[in-house]
Every structure is written in structure tokens, then in C-alpha cells.
Amino acid sequence: MILVKDRAKLDNIIDEIIQYDRISLDTETTGLYPFHGDRLFSIAVSTGRQDYYFDFNIGGMPKSVLPKMQRLLDNVKYVYFCNAKFDMSMLHVDGLKTIPQVLDAPSMARVENSRHKSGYMSLDYLAKHYLKSGSKDLNVKKYIRDNKIYGKDHTGKLKPLYDRVPTSMIAPYACLDARLTFDIGETIIKLINEKDKRNRASKRNRASKPKGYGSLMDIIKSEARLTKVLFDMKVEGFAIDREYIAKGILHETYKRDNHEEEIKKQLGDAFKPNSPKQVKEFLASKDIIVEDTEAKTLVKIAASHNLDILEHIIGYKQANKKISTYYEGYIKLATTGDIVHCEVNQEACSTGRCSSSSPNLQNLPKEPYHDYAVRNSFITNDDARLYFLDYKSQEMIYMLDQAGELSVIDKVKSGLDFYTATAEVIYELMKVKLDRKQSKAISLGLAYGQGADLLASNLGCTREEALNFKNVYFKGLPKLKQLQDYLIEQVKTYGKIHNPFGRVTYLTAEESYKALNAYVQGSCADIMKRALYLCSEVLRGKKSKIILTVHDEIIFKIYPEDEYLVEYLRDAMISAYRCNYINLEVDIEVSKTSWARKVKLHG
DNA sequence: TGCCATACGTA
DNA sequence: CGTACGTATGGCAC
């Protein structure tokens, strides 16, 4: 390990490191939250042969020397990170740009093996998985505990202050993390090259007639260029309307308190509406036995048994969820500038999708517009407009196109909405009229292997009728059945499926019914990841920005001078993937004010 | 305090 | 056997 705390030696050290193509980098920070006062105090770098600790803490180099580190970032080809967006944030607030190709170890791990558990992959987890070693430095933790070095974060919560740990203790720890990150990155690249080689050697495991045969390395490249796009989204963030949120909380609190009062009157002060156990016990006391206490179930029971109290329980839970999961979450995480910088997680989903957290902006209630719609919380805070570009029935169209199943696609090509087209095909097959909603339930449900019972309850028909629907649907769409059979066969034989882009999803034989979903959802995730990159290129150097992706949708903030680019953004999304028989279509919605107030752009 | 099950919002 | 997520809550084990 080389400890760098002398600015006079910095240039020589940088010269030494930039002889290498690939390095890893890890920032040590105070321990607070990014965008809420967290700052780096040192940078650990590993070349795989030597580790360097650049000390910018008290006793080390002054922060004014930090810009000199830019030369290091500009002159290596690849940088491995563990949780790249975090380190990039820390470098960003101190004016450093991460120009070289960013290789994020958790994102690479997800590509290498879809079976990693969902959610955040820590360095410790990756080290144990790929290197059979760990990263936790218990000495640092003990030092913090023994010396009680804690500070308050923006919410008033106590957090350890890592910059107060002696350099002699934290430097080896930081360098170990940098070395582990390097070794994990190299190990994954090696594994991926081996897998690609084996796969090229045997031409097995190929889905039926995809347009291209991607490799795992193609996915790694796609992910690598995406990391910076997601980082830019995080930096941009989404503006919130604090006044509206305060109003929303008051509105929902009023409703919640009224329900609570009635519940207490009838069921006592100790009754907790959020407790499934207590709700079940209450219903049991009325000789009503239920499997679950979901709102859907309680609504049915309220009607059949004339139990008004259930309406209050449902109302209480609804209001409480809006307050705590949505409104209060936004307030807690917003900066003083009223911006929420949510995480768009690149690696968290087994299928390859991006998830969102802190807060999750991918599950806001989709309410018809009203004054207290949760989506009013998110706004434009200047003269930009929000644009919402979403793929029309992306998964369904991709799926039937891949299957080569043209009965529905031909109707869509002639201008019909996908689910209306499906309803027509079903009518032609079995002379049963479905509305669009029923058609959607059948298409989505059956494509992914929904059972007859659930289908019957969704359609409001008998089990026999549902079974009949199932048979007719697959008989009418034989090539879809063939694709599904093929993918299930792949899982049973090889334990995995490959999508045309090169992504591999591992499934056990017992999970083979998930194969079609993994194939379709995974492919569409890869299309979206390409689209995000292409859109970022359209907006390169512009004031307008990508704000968020919600699986088949991209949300943009577009300034008046950039409005002409919206057509180009749509074209970029369409060109992200050309289907075999039809082009993906993109709908455009726009709002001058809040997310809830978006309207269709053209008729 | 940490973990699990349940409930519920989205694509 | 729809699947894929993240968050809040209650209840139990530690």
C-alpha cells in the first residue's frame, strides 16, 4: 500500500498508475447521505498489483489539490467501482468527472449470474461470492463504537463519521476494498469470457429465430455505457411540490383520523387496522373465516355481511399508505432545494430491469386526475415541461413478434390497439365478445401461465369457461405456444434461457413456467437500456434531461428550446430495437405542471 | 434489533 | 403456479 499525502509527489504517482488500462476506485466518505452533506475525504485506487491511498483528510493533502486527480481519471481506460453511482456522486460534488468507461461490479455480477438475490449487492457479498473472502473491517466499526464518533444526518439520525477514524486504521481498510473491487471485476470478466466461449462452441440454447445472437459481453458493454446515464438521472433528480405534499398529508390525515375514531369506537383502542392477525381474529368472532385480509377480500365481505366497519379499516389503511409510503417518504428524502434524487438500480432485478428506490418512483398510484392525486407531488420547477414517452404494449408486441405469431400483429399494423386486436382474434376464434379490459386480463395472464382459477376470478366467469378460454387462446396463437414450449424445454435441459441480446436467465426446472416471462421481460429491459443510452446521446450537452424510467416508459424534462428534440427521442426509442414484423410504437404525453396532469400530445 | 410474512402500489 | 420489484407494518425470535 502506498499512502499519498504529499502533493509534491502526486503527479509522479498518477504517472505510475496511468500505465495501467484498468484500475479500481473507491471513495471514503463521511458516512452521511449523498446530496445531504456527504463528502469524500480520501480516494483508494488499486491497479491489481499495488494499492494507493490518496488522503484528503486533515493531515493529508488539502481538498484544493483534488482537481489534480482528474488527470488520473482521464487517462485510464476502465475503472471498476462497487456501487459506481455512489462514488461518482462523491467525485461529482468535488468537481471531478468520471470520463473513462465505468464498470460497476454489482451490475456486472447481475449479468454474470441472474440468480443473485434481488436488491443491493454489497462489496462484502460480492467478495464472498467471487473471491471467497470478506471485506468487513471490524476494527473500524469497533473504533467508532468505542470513541462514540457519530454525527447527525439531515433527518437528525445518528451516523458514524468515518473521517474521524485515524488514517492508519482506515487506509488499509480502504485499500483492501479497492483491491477487492478490482479482483471482483477481473474475476467476472474472466467468467463471462469463459461462458461466451463455451456458448459459441455449442450452438445450443438459442431461442427460436432471434435476429441477433448477443453474448454476455455485449450485455456488459450495454450496462457499462448505461451506468453514466443512470448517474446523470440521479444527479438531475425530480422536483417535488412541498406545498402540495403538505396539503396531501393534511387531507389524508383527516381521512385516516376519522376512520380511526370509528374503528376505536367499535373495536376498542387496542385494535390495529394494519394487523392482518387482528383483522382475522375480528372476522373469526363473527364466524367469518378468510384466507387473507386484502382490500379486495374485505370489500366482498363488507358487502355480503353488511359490515360497515370493514370500510373504515380499508379507508384507514389506504390513507395511511399514502401518508407514510408516498408523501412522507418524499419529504424525508428531498433536499433543501426540493429535489428527490431517487436511485435507479441497474442491477437489482433478476430479469435485467432497472428498479427504483429511496424513494421508489416506479409505483406511484395511477389515479384518475384529482386534486389529491399522489402524482401531483412531482412537478417541473421552471419553464421546462415533463414529457412521458412510453412503448405501446411493448411486452405483448415483442412476445408475439418473437413467436412469429402474426394474427394479432397484422391487426395492430392496420392501426388497432393491441388488446382490441386480441379481442377481435378471440371473437373470430370462438365468437365470444370481450371488452378491452377482459382482453388485457387474458393476454397478460395466459402469456405468463396464469391458472384457470385466477383467470376465472379476473374475468368473472366459471372455471370451466376459463379453461375453455385458455385452450382457444393457445389454439388460436399456435406459434406463441411453440415459443413457450421451446423456452420451457431450454430451462429443463440447460437450466437457463438466452435472449437475443445475450442476456442469460437461470431458472430451475420447477421454475420453468417462468421462462416466457423471463425471456420477454428481460428482452424488453435490454431494449429499454439501449433506448436510455440512445436518448442520452440525443440530449448530450443539452439543458433538457432524462429524469426517470418506469420499465416501458422514459420521463424527460424538456426546455422550450429543446422541444424539437422530442421527435428524435421517440425515434431513438423506436430504433432501440427493430422487431421482425412490426415497429415498436411510442406514445407521447406532456405536462406543464405535475406528473398527475399529463395529457396526450397528439389526438 | 433483526428477520419474516403480509399488504399494496407500479410495469 | 402471471412475474418483476420496494416500502411500511406487525409480530416474533434474539
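All values below come from the heavy atoms of this structure, side chains included, with hydrogens, waters and symmetry mates left out. Chain letters run A, B, ... following the sequence lines, proteins first and then strands; every chain starts at 1.
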- prompt: Backbone N or O of A/Y143 within a donor-acceptor pair of the A/N147 side chain at under 3.5 Å?
  reply: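 It does hold such a pair.
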message: Consider side chain to side chain contact (heavy atoms under 4.5 Å, CB included). Of A/L569, A/I554, A/I588, which one does A/Y387 pass it with?
response: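 Running side chain to side chain contact (heavy atoms under 4.5 Å, CB included) over A/L569, A/I554, A/I588 with A/Y387 returns exactly one hit, A/I588.
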Which part of the nucleic acid, if any, lies within reach of [X] when heavy atoms closer than 4.0 Å are counted: base, sugar-phosphate only, or nothing?
X	result
A/L516	nothing
A/L454	sugar-phosphate
A/A525	nothing

statement: B/S/- along nucleotides 4-14 of chain C (protein heavy atoms under 4.0 Å) is BSBSSSSSS--
Value in whole Å for how far the [atom2] atom of [N] lies from [atom1] of [X]:
X	N	atom1	atom2	result
A/Y330	B/dG9	OH	C1'	9 Å
A/L298	B/dC8	CG	P	8 Å
A/E294	B/dT6	CD	P	10 Å
A/Y419	B/dA11	OH	P	11 Å
A/K440	C/dT3	NZ	C1'	15 Å
A/E395	C/dT3	CD	C1'	9 Å
A/F378	B/dG9	CZ	P	17 Å
A/L361	B/dG9	CG	P	17 Å

query: Is the distance between the ring centroids of A/Y330 and A/F378 under 6.0 Å?
result: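 Aromatic pair counts; centres sit under 6.0 Å.
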query: So what's B/dC3 paired with, Watson-Crick or G-U wobble, going by both distances under 3.5 Å?
result: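 Looking at the geometry, B/dC3 pairs with C/dG11.
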message: Looking at A/K159, I want to see if its NZ is surrounded by more than 12 non-hydrogen atoms of other residues, nucleotides or ligands under 6.0 Å.
response: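 It does: A/K159 NZ has more than 12 such atoms within range.
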message: When you measure from the side-chain N and O atoms of A/Y448 to the phosphate of C/dC1, is any distance below 4.0 Å, counting only OP1 and OP2?
response: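 For A/Y448, the contact criterion (side-chain N or O under 4.0 Å from OP1 or OP2 of C/dC1) is not met.
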message: Does the Lys NZ or Arg CZ of A/K255 fall within the cation-pi geometry relative to A/Y372 - under 6.0 Å from the ring centre and within 45° of the axis?
response: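 Not satisfied by the 6.0 Å and 45° rule.
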- prompt: Does some side-chain heavy atom of A/E553 sit less than 4.5 Å from a side-chain heavy atom of A/M528?
  reply: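 SC-SC contact between A/M528 and A/E553 ruled out.
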task: Give the ring-plane orientation class for A/H341 versus A/F35, where under 30° counts as parallel, over 60° as perpendicular and anything between as tilted.
output: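 The rings of A/H341 and A/F35 lie parallel, inter-plane angle below 30°.
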